[in-house]
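Please read the structure below before turning to the comments.
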Amino acid sequence: MKRFLQKMPRLLLMAAILGAFLCQGAFAADGIAPAPEGFMAFVVVIPLIVIIALLIMKVDMLVAGLVGGVMAMVLGGIGLKTANSLFLTAIPNMLSMTVPIVNSAVATAVFKSGGYTSALTLVRRGIKDQTWIMAAFIVILQSAATYMSGIGGGSAMVIAPLAFAALGAIPELIAGMSIATAVCFTTSPASVESGVVGSFTGIDAAAYSSQMRIFTVVFVIIAVAIAIFGAIRRKALFAGEESEDVKDLSNAELWKNTIPAIFLLFAVIVGPMINKAVGGIPVLGPLAYTVITIGLITLCTKFSLNQSCAALVDGSSYILTRLFGVGIFLGFINVISETGAFTSIVNVAQMAPTFLLVPAMILAGFLIGFPAGAYVGSVLALILPIAVALGFSPMAVGLVTIGVGFGSQISYVNITMQALASGFQKSITDIVKGNLKWVGLATVILLVIGFFVK
């Protein structure tokens, strides 16, 4: 039995390849499957279940995606032409996420030039061995950056290397950052997600964010507590001794080296507010803060201009590679979506008793956010119309939105997860496994809150 389970991914892959050839002839008309009804409403969800099972078995996400995608083609009657179009659309969509790519590149240049090392040395000298303070600081910083910019992945790209250099890859710290990120980008007045909520509920994004602020604060506090717990429980120490490059530097010299990092964090956190204040002109947009940060690296550190630019380009390589892989996987997820699988999940939640409707929709959002969390906005476009049709208040709709956000923080295709994997130098599977318990706990708390919000 054990040998069979070990061989099962290979057998499924072979079946998928065979299915692909069969689909080429059997579904030449490329008709999109109608909305599933009756028994088919369950059948079309099977590919998602298979993908999740394969991922749990540590099968590569591309193999899992291929198996599930071809199963969806066979079960849903989706032709090769349609599947090919979905596949080719997914990859450029992922690679078009330019802000996280730019932030990753600039953050890496700052990191390589010693900016983060200098900042951490200053903090270390100030707080001595109280690393739990650093853990709390990192989560708060990630929260503020995400809330003000509306972009979780871009903020994580800047802050995750800082956290890794300070404390290493503490699972609870990563989970705290993930929870804080999810609640902040789903309630930020500057995020796409708040815009989607506003388009369906008719409420202004700023007013929506104001209503949700109590939940934002509560879950950020929970996230900070988880990070502190992890630092204390694991008796975290600062990662290694002071670097040879900085241990002989004075505090004044360290402050100078830290200027590029301070500016970059300022631009990510406060930049959107400044841009809005000057009529939407991106005076601190990605172009401006990239050029200014590279200039500051050249002026304030040992790096020359050529070295700074080389570090900028090298810093983009990791995230670009991961985004390409995620784009392929998302192409298979889009094929499954075409069968109506996600609609089936939402429809089950819709049949719940009245007192269970909000928690059921939160759970449905979470479950959809797990496999399809690369574009939380697109998931919201699927689930929120049903919530509004059921008469949910903007606050209840917001809880469903947060539920989708939490689901995305255990998703293999989410950009924040990719950013954390990059910054903490861990595999995406390790990040998901570490987040599962704590994100699950946050979701349970959210479900309980859902019983009291209509």
Side-chain angles (χ1 to χ4, degrees), residues 94-122 138 141-166 177 181 184-185 190 245-246 254-275 281-324 415-425:
M94 289 301 298
L95 294 176
S96 68
M97 293 184 172
T98 50
V99 172
I101 294 170
V102 169
N103 283 358
S104 172
V106 180
T108 300
V110 172
F111 185 87
K112 289 184 175 182
S113 69
Y116 290 139
T117 304
S118 296
L120 292 169
T121 303
L122 284 169
I138 289 169
L141 192 61
Q142 173 67 13
S143 303
T146 302
Y147 191 80
M148 293 187 185
S149 67
I151 304 171
S155 302
M157 273 299 172
V158 175
I159 296 169
L162 171 67
F164 179 69
M177 292 178 68
T181 297
C184 286
F185 78 69
D245 295 331
V246 298
L254 290 174
W255 273 110
K256 181 181 177 182
N257 287 349
T258 307
I259 289 174
I262 294 173
F263 170 77
L264 179 58
L265 292 174
F266 173 82
V268 170
I269 295 172
V270 184
M273 298 175 64
I274 294 177
N275 296 339
I281 301 173
V283 293
L284 271 184
L287 172 62
Y289 65 66
T290 297
V291 173
I292 295 173
T293 302
I294 294 301
L296 288 174
I297 290 173
T298 304
L299 293 173
C300 300
T301 74
K302 297 185 298 183
F303 268 32
S304 66
L305 183 59
N306 285 350
Q307 288 175 312
S308 301
C309 292
L312 175 71
V313 174
D314 290 342
S316 67
S317 60
Y318 183 93
I319 191 65
L320 282 171
T321 302
R322 296 318 184 268
L323 287 176
F324 177 73
I415 187 63
T416 302
M417 300 294 288
Q418 295 292 327
L420 291 172
S422 172
F424 284 97
Q425 299 179 22

Taking only distance into account, with no hydrogens and no angle test, what donor-acceptor pairs under 3.5 Å do side-chain atoms of residues 293-302 form with protein atoms, sequence neighbours excluded?
{"from": "T293", "atom 1": "OG1", "to": "Y289", "atom 2": "O", "distance (Å)": "2.5"}
{"from": "T298", "atom 1": "OG1", "to": "I294", "atom 2": "O", "distance (Å)": "3.0"}
{"from": "T298", "atom 1": "OG1", "to": "S308", "atom 2": "OG", "distance (Å)": "3.4"}
{"from": "T301", "atom 1": "OG1", "to": "I297", "atom 2": "O", "distance (Å)": "2.5"}
{"from": "T301", "atom 1": "OG1", "to": "F303", "atom 2": "N", "distance (Å)": "3.2"}

Show me the side-chain donor-acceptor pairs of residues 263-274 shorter than 3.5 Å, one per line, residues at least two apart or across chains.
none

task: Identify the heavy atoms of G423 and A160 that sit nearest to each other, and give their distance.
output: CA-CB, 3.7 Å
- request: Examine distances only and state if a side-chain atom of T181 and a backbone atom of M177 form a donor-acceptor pair shorter than 3.5 Å.
  value: yes
statement: Minimal heavy-atom distance between A156 and T416, with the atoms involved, is CB-CG2, 4.3 Å
statement: Residues G152 and F185: closest non-hydrogen pair is N-CB, 4.3 Å
- request: Give the minimum heavy-atom separation between Q418 and M157, together with the two atoms involved.
  value: O-CE, 4.3 Å
task: Can you measure from CG (L305) to CD (Q307) and round to the nearest 0.5 angstrom?
output: 10.0 Å
- prompt: Can you check side-chain contact (heavy atoms from CB on, under 4.5 Å) on N275 and I281, steps first, answer last?
  reply: CA-CA 5 Å; N275 296 339; I281 301 173; over 6 Å; no
field: Value rounded to 0.5 Å, distance of CG in L287 from CD1 in I292
entry: 9.0 Å
